[in-house]
Amino acid sequence: MNDLRSDFPILKNNPDLIYLDSACTTLKPRPVIDAAIEYYERYGACANRSSHRKGRETTEKIDQIRERVAGFVGGDSEGTLWTKNATEAINTVISGFDYSKKNKVITTNMEHHAVLLPLMRLRDRGKIKLEVVENSHPDSNLEEEIRKKIDKETALIVLNNANNTTGKRQKVDEIGKMAHEFGAKLCVDGAQGVPHFKCDLKKENIDFIAFSAHKMLGPTGVGALVCRKEDLSGLRPLVVGGGNVKKVELNKIEWAADQSRFEAGTQNYSGIFGFGAAIEYLTKIGIQKIEEHEKDLRKKMVNCIQNAGAQVYGDESSASALVSFNFKGAKPHEVALMLDQQGIALRSGFFCAQIALEAIGAKEGAVRASAYLYNDQEDIKKFGEKLEKIGKLYS
Ligand code: PLP
């Protein structure tokens, strides 16, 4: 995969940078940047609005990209809607779900704030009963934990298929099957899964999957929610305004029947163009190849971090090249800053998952290194060398 690096202008412009913060956001390859600019240079109009030529061309292109994004996770374009990011996609499901007949929601203690906060807010307003199951121990069996809590009152299960703290992957197909046995729906936070391994809405019994373009080489400010067309009808839009309706009278709103009901206002067309190019780029390489590359990187990352004397959070089932760690007695930000001074960019703190970090015993947060397809073994070797020196300060 080494020849990919030249596709990333930021790596060319910063030859000494070792970027290990891809779980936060990924770098963008040239085709993605070009596609985002292409919108402004060649298209420039709104989709699904004006009927002039540029408007029609923009609509056509956005529709094609919608199909590409849907197909990447085994969905259909009729069930795919643009959002600002994964957070908005998850909020669309959690806040828009119909809890009038049953209102129990199950989630885990290893979720990002994008999942936990909208759920906790609904719980605090008395709208849902929330069950938060344990999934922080290496030997936690999530399926069993959910089975203890699920019943006919369960409306929704919301969880990630790859954790942003430990990199742990979660097989969701059996959980989806279980949800359906009880007439509930499964919403997967795919922000850390979709960019790294094959996810499939239908094969994995998922009802809703949310993800962000920027974590998979695409631009910031655009994401997607993918589901079956039938499942959209049960959701209430999060934001309403221009483009949501079929007809409006002062006393009556007739909502659009398709996904445009959820896409209020002018969309991020340039971002969507870039999103399409990102999917094309990932597809050309092959998601399986990316997955294997990350597994190799992860092994080396774990070795380097442990050799430097730090504690690694996570276990064997963690497969993405995402590793959180701490040196005993060191403040995570201090370690990240020392690495930054040596050209290594990574994240420290709570990663918007404070409950998860506390559950794994990282009460003051952790340092997180996350690599992607543009990183190579040499990057990890250099990271290991710098880390070893830092480790000596705390030994
Ligand atoms: N879920 C997980 C597991 C994440 O790691 C993140 C971002 O870090 C999100 C959701 C939210 O993604 P975004 O900030 O792109 O909405």
Side-chain angles (χ1 to χ4, degrees), residues 19-28 32 69 73 81-95 107-121 132 135-136 142 157-170 172 186-197 199 206 208-226 238-239 262 268 271-272 274-275 278-279 294 313-314 317-324 345-357 359-360 362 365-372:
Y19 188 77
L20 294 177
D21 197 15
S22 294
C24 186
T25 198
T26 58
L27 305 179
K28 321 303 174 201
V32 167
V69 170
V73 293
L81 40 121
W82 305 122
T83 61
K84 200 164 64 182
N85 44 36
T87 301
E88 192 176 83
I90 295 162
N91 270 267
T92 297
V93 178
I94 291 176
S95 301
T107 190
T108 87
N109 63 342
M110 290 301 284
E111 302 306 320
H112 191 274
H113 291 172
V115 168
L116 282 178
L117 267 55
L119 287 175
M120 288 160 68
R121 194 170 62 162
V132 182
N135 193 30
S136 65
L142 184 58
I157 299 175
V158 194
L159 43 86
N160 67 70
N161 60 352
N163 186 270
N164 75 324
T165 300
T166 60
K168 183 176 176 174
R169 292 191 189 177
Q170 188 62 57
V172 296
L186 171 65
C187 174
V188 169
D189 167 5
Q192 301 291 351
V194 174
H196 305 283
F197 54 91
C199 300
I206 299 168
F208 302 95
I209 186 159
F211 48 104
S212 280
H214 73 96
K215 291 192 197 288
M216 49 197 295
L217 309 181
T220 50
V222 62
L225 176 67
V226 180
L238 195 61
V239 183
F262 298 88
N268 179 0
I272 295 170
F275 197 177
I279 299 268
E294 283 200 48
Y313 300 103
S317 64
S318 306
S320 306
L322 182 162
V323 190
S324 294
L346 42 61
R347 187 147 173 212
S348 53
F350 288 105
F351 325 134
C352 305
Q354 191 164 359
I355 289 170
L357 273 138
I360 60 172
V367 188
R368 181 181 72 186
S370 53
Y372 203 24

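Just follow the structure's listing: the first ligand is 1, and inside any ligand the first atom is 1.
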Nearest non-hydrogen protein atom, [atom]:
| atom | value |
| --- | --- |
| atom 5 (O) of ligand 1 | Q192 NE2, 2.7 Å |
| atom 4 (C) of ligand 1 | H112 CD2, 3.2 Å |
| atom 15 (O) of ligand 1 | S212 OG, 2.5 Å |
| atom 8 (O) of ligand 1 | K215 NZ, 2.7 Å |
| atom 2 (C) of ligand 1 | D189 OD2, 3.4 Å |
| atom 11 (C) of ligand 1 | T87 OG1, 3.4 Å |

Nearest 0.5 Å please: distance from the [atom1] atom of [X] over to the [atom2] atom of [Y].
| X | Y | atom1 | atom2 | value |
| --- | --- | --- | --- | --- |
| N163 | L322 | CG | CG | 8.0 Å |
| T25 | L217 | OG1 | CG | 9.5 Å |
| L116 | Q354 | CG | CD | 11.0 Å |
| N164 | R347 | CG | CZ | 8.0 Å |
| L357 | N109 | CG | CG | 11.0 Å |

Part of A191 with heavy atoms under 4.0 Å of ligand 1, whether side chain, backbone, both or neither
side chain

Under 4.0 Å from ligand 1, counting heavy atoms only, is it the side chain of E111, its backbone, both or neither?
neither

Could you list which atoms of ligand 1 come closer than 4.0 Å to a heavy atom of N164?
3 (C), 5 (O)

Name the one of V115, L142, D189 that satisfies side chain to side chain contact (heavy atoms under 4.5 Å, CB included) with L159?
L142

Check side-chain hydrogen bond (donor to acceptor under 3.5 Å, both in side chains) between Q192 and all other residues, then give those that pass, not counting sequence neighbours.
none

